[in-house]
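Counting starts at 1 for both ligands and their atoms, following the listed order. The chain is numbered in sequence order, starting from 1.
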Amino acid sequence: MLAVAVLAAGKGTRMKSDLPKVLQPLAGATLVERVLASCEQLQPQRRLLIVGHQAERVEQSLAHHPGLEFVLQQPQNGTGHAVQQLLEPLNGFHGDLLVLNGDVPLLRPDTLARLLSQHRSSGAAVTLLTARLADPTGYGRVFASDDGRVSAIVEHRDCSAEQRRNTLINAGIYCFNWEGLAEVLPRLSSDNDQGELYLTDTVAMLSPAMHLEVAVADEINGINDRLQLAQCEAVLQQRLREHWMREGVTFVDPASCTLSEGSRFGRDVVIEPQCHFRGTSTIGSGSRIGPGCLIEDSSVGERCQVVHAVLRQATVAADCSVGPFSQLRPGAKVAAGCHVGNFVEVKNSTLAEGVKVNHLSYIGDADLGAAVNVGAGTITANYDGVRKHRTVIGAGSKTGANSVLVAPITLGNNVTVGAGSTLTRDVPSGALALGRARQLVKENWPGPV
Ligand code: UD1
Ligand code: CA
């Protein structure tokens with residue numbers, strides 16, 4: 001039997017934030033979501049989350065997460081005190097307890113699987129993850145013999161100058177035999193610099209205590225302040241970009257781009273500098289994105305070009321060009337072969353195949369038929385001050401420059417709208433519509449006197 005406990009009750013004083021530390025986001029997911037995800041592969045029978053500081057907020061943020069047991073730690077008197085709160089809910093439990101610090105978000109599931117299997121095959125009372133860090137400042141130091149047995153963990157602030165030279169650190173990830181741990185937990189004392197109960201002190205009371213050293217130290221990075229948050233973000237971003245490069249994506253300037261885990265890219269996608277992908281976004285094969293794009297919860301089809309554009313909850317089919325300087329807002333649905341050009345905003349509208357909106361337009365709450373050509377500066381006036389109304393433009397129609405279509409309005413197929421028109425009434429198919437003052441020319445005008 002396996003139970004997992006995540007320590008998430010601390011305030012995170014060093015973050016200097018109103019948000020509890022474990023709710024800080026990293027590449028679109030909170031620290032605690034990442035920690036929980038890292039142990040899913042082990043299929044634990046129980047998942048316990050120790051909450052305390054802003055407990056309700058932490059619980060709410062995980063409401064969608066099935067099978068979690070929340071355990072309240074009040075007040076928060078250290079990591080040992082946190083695990084003492086499990087004595088009641090885990091009363092009668094037989095098996096192993098995996099303890100994860102809620103602020104160690106980059107762990108690889110495979111590493112946890114190795115920890116568990118080493119722990120089980122060695123018969124140790126506790127096995128903990130360690131790493132050798134060039135700069136171990138702030139971490140607890142692990143004192144171990146060559147055969148992997150651990151004698152003690154001493155917190156950085158409690159170390160002597162000599163002990164601080166030890167570069168083997170405690171990652172804050174432990175696998176305990178629960179019955180053994182339950183016996184020693186009540187004996188913890190707060191005789192240390194912080195006056196707290198340290199979980200790390202149980203290690204000297206358990207025998208044998210073993211450790212598993214990980215080679216890539218990145219994955220055990222703990223987050224105590226914003227500097228470490230930024231470092232972890234950089235590690236995650238690097239992992240994501242490397243993954244997609246291996247899948248056939250070209251990044252012209254990788255370090256200038258950020259990705260979310262929910263983003264997907266086809267082969268031969270080229271990503272120019274300064275592009276950012278958020279939420280669940282998909283880019284089809286052969287498309288070229290950037291420079292300078294923000295794409296969130298949107299999909300772009302194959303062989304598209306998107307330059308200096310912002311897309312949010314928008315879909316763009318194959319062979320389209322978008323930008324430079326276009327904004328596709330929620331509900332923009334662009335069919336294949338369309339052109340959306342500079343200073344064009346599209347919202348809650350459908351553009352059928354081959355539509356061109358090349359310059360300076362607002363298309364909101366509109367349905368444009370196939371091959372419609374929207375002239376420069378055309379605006380759909382969709383808002384009467386109270387409600388939004390739709391504009392429909394039939395296939396093959398053309399609007400002249402600087403047209404205003406006051407919705408609700410329907411233009412039939414193959415309509416031509418004269419430049420500078422303001423239209424307030426429907427236009428049948430095949431018609432020319434003009435809605436502007438007729439030009440007057442007076443010859444031999446004397447001019448200003
Ligand atoms: C802890 C370890 C240290 C290790 C480091 C790894 C102890 C005493 N020290 O130090 O050896 O090198 O992690 O990152 O365990 N928490 C609670 N309740 C509390 C206090 C903390 O739930 O009363 C939670 C925090 O929310 C956090 C985790 O425990 O998720 C670790 O606490 P933190 O204060 O960050 O410990 P460190 O000083 O980093
Ligand atoms: Ca920490």
S.K.: With a 4.0 Å cut-off on heavy atoms, does Q73 reach ligand 1?
M.R.: yes
S.K.: Which bit of H53 gets closer than 4.0 Å to ligand 1, counting heavy atoms only: side chain, backbone, both or neither?
M.R.: neither
S.K.: Show which atoms of ligand 1 fall inside a sub-4.0 Å distance from at least one heavy-atom site of G102.
M.R.: 30 (O)
S.K.: Could you list the atoms of ligand 1 found under 4.0 angstrom from a heavy atom of G78?
M.R.: 18 (N), 19 (C), 20 (C), 23 (O)
S.K.: When you measure from the side chain of Q54 to the backbone of D18, do you find a donor-acceptor pair of N or O atoms at a distance under 3.5 Å?
M.R.: yes
S.K.: Got a sec, which residues hit side chain to side chain contact (heavy atoms under 4.5 Å, CB included) with C257, two or more places apart in sequence or on another chain?
M.R.: F251, I271, C275
S.K.: Considering all protein heavy atoms, does one lie under 4.0 Å from atom 22 (O) of ligand 1?
M.R.: yes
S.K.: Can a non-hydrogen atom of A171 be found less than 4.0 Å from any atom of ligand 1?
M.R.: yes
S.K.: So which bit of N77 gets within less than 4.0 Å of ligand 1, heavy atoms only: side chain, backbone, both or neither?
M.R.: backbone
S.K.: Backbone N or O of A29 within a donor-acceptor pair of the E33 side chain at under 3.5 Å?
M.R.: no
S.K.: Report yes or no: does a heavy atom of R157 sit under 4.0 Å from some atom of ligand 1?
M.R.: no
S.K.: May I ask you to list the protein N, O or S atoms found at less than 3.0 Å from the Ca ion (ligand 2)?
M.R.: D103 OD2, N224 OD1
S.K.: Does even one non-hydrogen atom of D103 get within less than 4.0 Å of ligand 1?
M.R.: yes
S.K.: Does this structure show an ion pair linking R47 with E40, if we count only N-O contacts that are shorter than 4.0 Å?
M.R.: yes
S.K.: Which of the atoms in ligand 1, numbered in the order shown and given with their element, are less than 4.0 Å from a heavy-atom of E155?
M.R.: 2 (C), 3 (C), 7 (C), 8 (C), 9 (N), 10 (O), 11 (O)
